[in-house]
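Quick note: residue numbers are just sequence positions, from 1. Please read all numbers here as calculations on a predicted model, not as lab measurements.
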Amino acid sequence: MKTDPKGMAVISYSSKEATCDNVAVTIKSKFYENLDTIVPVNASDTVSIVRLTLRDKVQKIKEVEVIAYRPIGKNNAEKSVYTIDTRGLLKTTKANKALAFLPGVVAFNDSYSLAGKSQKTRIKINGVIAGAEDLKALYAGDIEKVEVREVTKDDDERFAGEINIIKKRHEQPKIFGSISATGGMIRSLWGTFDHFAFQNKHWDITGLISYNQHSQKSYTEVCRIPSLPYSPSQKMTIQRDIRIKQQAERISLSWYPTKRFTMTLGGYHYGYPTKSSDFINDTEGDDTHRKYKETLESYGSYANGSYSINDRNKINVKGNFLYYRDKYVYDLLPDYNYKAAMREYTGEANIESRLKLWGGSHDVTFGLRNTYRQNMSYANGRNDYSMQQVYLTDYHSYGKALSSYLILKGESDNMGPKRVFSFQPSLRLNYNMGKKGTLTASYQRKTTRPSIDYLNTDSLFQNVYNIVVGNEALRAQNSDNMSVSFRKQIKKAYLITTASYIHTSNIIDQIFVNPEDYNVSTYDNIGKCDEASLSVYLMNRLCKNRMNISISLKGFYKRYAIKPELERNTLIIPSEGWGYSATFNTSYLSTKGWMYSLSANLTPKTYELSYTHVQNPNLYVSVTKSTCNNQLDFKLSFTNSLVYFYTSHTNYHFRDMYQRTFQKSYANNITLSVTWNLGKRFQQRRGVSSVVNDDIVTKQQ
């Protein structure tokens, strides 16, 4: 038997019996209905062909459930691209909250790092450097996609990678703004955060103003126990009342005269003035009341232009100015006044191209940068130096699975008596295994130059037991970073595991000027550090996508060592040991439109060159409600709500002394915020990226 294209059963049979009148036919099949019949035949024919109609076997299905999971991200060697899933978030949820649930981002208290890395990550919006205030002015629903780069040419000891938020494009004229007010219910705190935006066919204008004023109280106890027999221990206590003002102002203007040309101008100011009142009980039992003011401040402006020659080539020109100041003024101790300031001028130009080389397509960027810095102090006057940089980046895909990202960077500076050159290569390889996940391996060389505060030879007087003097002979700190990571999407969840090793040389840290004096220290390139770590990150959505959860766990081993030539002139015994950290973020959007959020951070023990630091957990809880057609938001926040005060202690192991510093801060608070949104939200266009020039560390950051 066989079937023809019309679904007919064709049966051929032969019979040697002349008396055969009927033939019994039985058909059983997986694909057709069963058939059991009798077919009459012509008894005179010895060979007959019979055609029977067969019916397809049909199964009755009551219900079909189709479950599909959207891809969360796309990965290659240069970057990972994610879309933010706004399900489970209020329509007025800002970007600073949404980033907490971006795969691989570890977020707490407006600080962001990447899974497996200890340093903070740089934040950009449409290629321009952004701060916490800028994220609070951006709605999660206005984000088109987020680009995460784990390796960039601008990485240093303070930053590892970058998160670049790309806004949705919309060119209709719009005006939007918001005004918010915040007040504290337990301790004194009040502030405001306001921003506005305007857009027409050729212009984007944005601005923000942030002001916050609050008071803090802390108690510090310093206990020194000499290891020499019969030597008395020393104890000092400090009770401090601090009045803090935090303010920030930013404005940005972007001009789009044609589709090929873009120009962006911007300016900003950050201020952090404090007034402190200290009550000190020293080792002799004497009481001292001291007042002083500290002012941390920075001004900046930038101008960036971009011109697309064609679809494959683009020219970018960038300029940047920064002024930074750190100033102490004592009421009754004018001899101890301190000032560190810096003016910085940077110019950069690069060309982005897509080239056909070695049988494949390469995305290449070639650029030049020059930075000129003027360091200023009270006693030392002005100290100038410059830094030049040339770099080449290349992204290449070897097919759908394997890709590479190469950075070749060379730097030169004249900080010391002789000009110094350094070569800083980086390489990242990415292999996509389809549904099995993605493997990534990377190597990166980083350089960090000393801060203006470290180069300042004036004496920074914090108390009679802690006086710090800068060192003009400091050189750059270098590190070699290696990591291997695996990432995989599991239904609605995303898993990342990372193993890394970091070797840091020429560490810039404090060393004592006099080997017998524990009170006066300076900075030097004192030693090296080795750190190995293993981390696991998991992000998931639950409760029909109303709940977001992200968990990051990291274990590490860290070991410091001092240069042999400096061991005799320091009292420090370098630290080493095991540690771990954990960060947890979750949010839940109820069916009534209430959003509940919880953030927790646990880092029980951290290691630095001369000490270990132990602290209790940090907690942050908030409840948010949006009303009046999303024009009015109410937010109630609880900070460290499970404990009334935040405690920590630091252990110093010196050559012939042990010192323990215990600190208690009354940081618990409950705050209420009200935000009024004006106008209709809109999305901005993407402009040229800004100058990134943070190869030094400043106190404000």
Side-chain angles (χ1 to χ4, degrees), residues 106 108-109 111 113 116-120 157-158 218-227 233-238 454 462-463 465-466 468 477 479 500-512 515 518-519 521-535 552-563 566-567 570-583 600-618 640 643 645-665 667 697 699:
V106 181
F108 183 79
N109 196 23
S111 178
S113 62
K117 298 181 181 292
S118 302
Q119 305 95 329
K120 295 189 297 183
E157 294 301 322
R158 190 160 51 94
S218 66
Y219 171 83
T220 302
E221 179 181 290
V222 180
C223 183
R224 290 177 172 178
I225 304 174
S227 58
S233 61
Q234 298 177 340
K235 184 177 180 180
M236 179 182 69
T237 61
I238 303 175
Y454 298 168
Q462 295 178 334
N463 53 63
Y465 301 100
N466 190 4
V468 183
Q477 175 176 303
S479 69
S500 64
Y501 169 73
I502 302 174
H503 173 76
T504 307
S505 58
N506 286 331
I507 290 176
I508 301 173
D509 213 304
Q510 289 176 281
I511 186 172
F512 294 94
Y518 293 92
N519 303 321
S521 62
T522 186
Y523 294 96
D524 208 329
N525 298 104
I526 192 171
K528 62 181 180 180
C529 176
D530 294 282
E531 180 181 1
S533 64
L534 179 65
S535 68
S552 176
L553 301 173
K554 181 179 180 180
F556 64 88
Y557 176 77
K558 203 168 187 179
R559 180 180 182 274
Y560 287 90
I562 297 176
K563 292 179 179 179
L566 296 176
E567 286 183 340
T570 184
L571 302 171
I572 295 173
I573 296 178
S575 65
E576 65 176 291
W578 298 87
Y580 71 92
S581 64
T583 302
N601 177 264
L602 173 63
T603 308
K605 198 171 186 179
T606 56
Y607 295 85
E608 298 299 334
L609 177 66
S610 59
Y611 63 86
T612 58
H613 186 68
V614 181
Q615 60 188 5
N616 61 3
N618 281 314
N640 288 344
V643 292
F645 50 80
Y646 174 78
T647 62
S648 64
H649 67 267
T650 306
N651 300 316
Y652 297 83
H653 293 276
F654 296 109
R655 192 166 58 199
D656 52 8
M657 184 191 72
Y658 167 76
Q659 176 177 307
R660 184 178 187 268
T661 301
F662 172 82
Q663 187 172 51
K664 179 167 60 176
S665 301
V697 179
K699 285 184 63 176

Spatial distance of atom [atom1] ([X]) from atom [atom2] ([Y]) [nearest 0.5 Å]:
X: T583; Y: N601; atom1: OG1; atom2: CG; value: 4.0 Å
X: L609; Y: I562; atom1: CG; atom2: CD1; value: 5.5 Å
X: H653; Y: S610; atom1: NE2; atom2: OG; value: 10.5 Å
X: Y523; Y: I507; atom1: OH; atom2: CD1; value: 14.5 Å
X: L553; Y: S581; atom1: CG; atom2: OG; value: 8.0 Å

*Report the residues that fulfil salt bridge (Lys or Arg N to Asp or Glu O under 4.0 Å) with K563, sequence neighbours left out, ordered by chain and then residue number.*
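With sequence neighbours excluded, K563 shows a salt bridge (Lys or Arg N to Asp or Glu O under 4.0 Å) to no residue whatsoever.
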Which pair of non-hydrogen atoms, one from [X] and one from [Y], has the smallest distance, and what is that distance?
X: S479; Y: I502; result: CB-CG2, 4.4 Å
X: S233; Y: P226; result: CA-CD, 3.9 Å
X: K605; Y: F556; result: O-CZ, 3.8 Å
X: K117; Y: K554; result: C-NZ, 3.9 Å

Non-hydrogen side-chain atoms of I572 and D509 separated by less than 4.5 Å: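 No; the side chains remain at least 4.5 Å from each other.
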- [ ] State, with a plain yes or no, whether a side-chain heavy atom of N525 is found less than 4.5 Å away from one of I508.
- [x]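 Yes - at least one pair of side-chain heavy atoms lies under 4.5 Å apart.
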### Message
Walk me through whether E608 and H613 qualify under side chain to side chain contact (heavy atoms under 4.5 Å, CB included).
### Response
CA-CA 8 Å; E608 298 299 334; H613 186 68; over 6 Å; no
So, using side chain to side chain contact (heavy atoms under 4.5 Å, CB included) as the criterion, who are the partners of [X] when residues are at least two apart?
X: S575; value: Y560, Y607, T612
X: Y580; value: L602, P604
X: K528; value: H503, A561
X: S500; value: S483, S533

If we ignore angles and hydrogens, is there a donor and acceptor under 3.5 Å between the side chains of [X] and [Y]?
X: T504; Y: Q477; value: no
X: Q659; Y: R224; value: yes
X: D530; Y: Y501; value: yes

In chain order, what residues pass the side-chain hydrogen bond (donor to acceptor under 3.5 Å, both in side chains) check against [X], with sequence neighbours excluded?
X: S113; value: none
X: Q663; value: T220
X: Q615; value: Y646
X: Q510; value: S521

Checking side chain to side chain contact (heavy atoms under 4.5 Å, CB included) for the pair L566/D524: CA distance, chi angles, key distance, verdict?
CA-CA 9 Å; L566 296 176; D524 208 329; 4.2 Å; yes
query: Stepwise, does the side chain to side chain contact (heavy atoms under 4.5 Å, CB included) test hold for Q119 with R158?
result: CA-CA 6 Å; Q119 305 95 329; R158 190 160 51 94; 6.0 Å; no
Can you list everything that forms a ring-ring contact (aromatic ring centres under 6.0 Å, His included) with Y219? Sequence neighbours excluded, please.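 For Y219 there are no ring-ring contact (aromatic ring centres under 6.0 Å, His included) partners, ignoring immediate neighbours.
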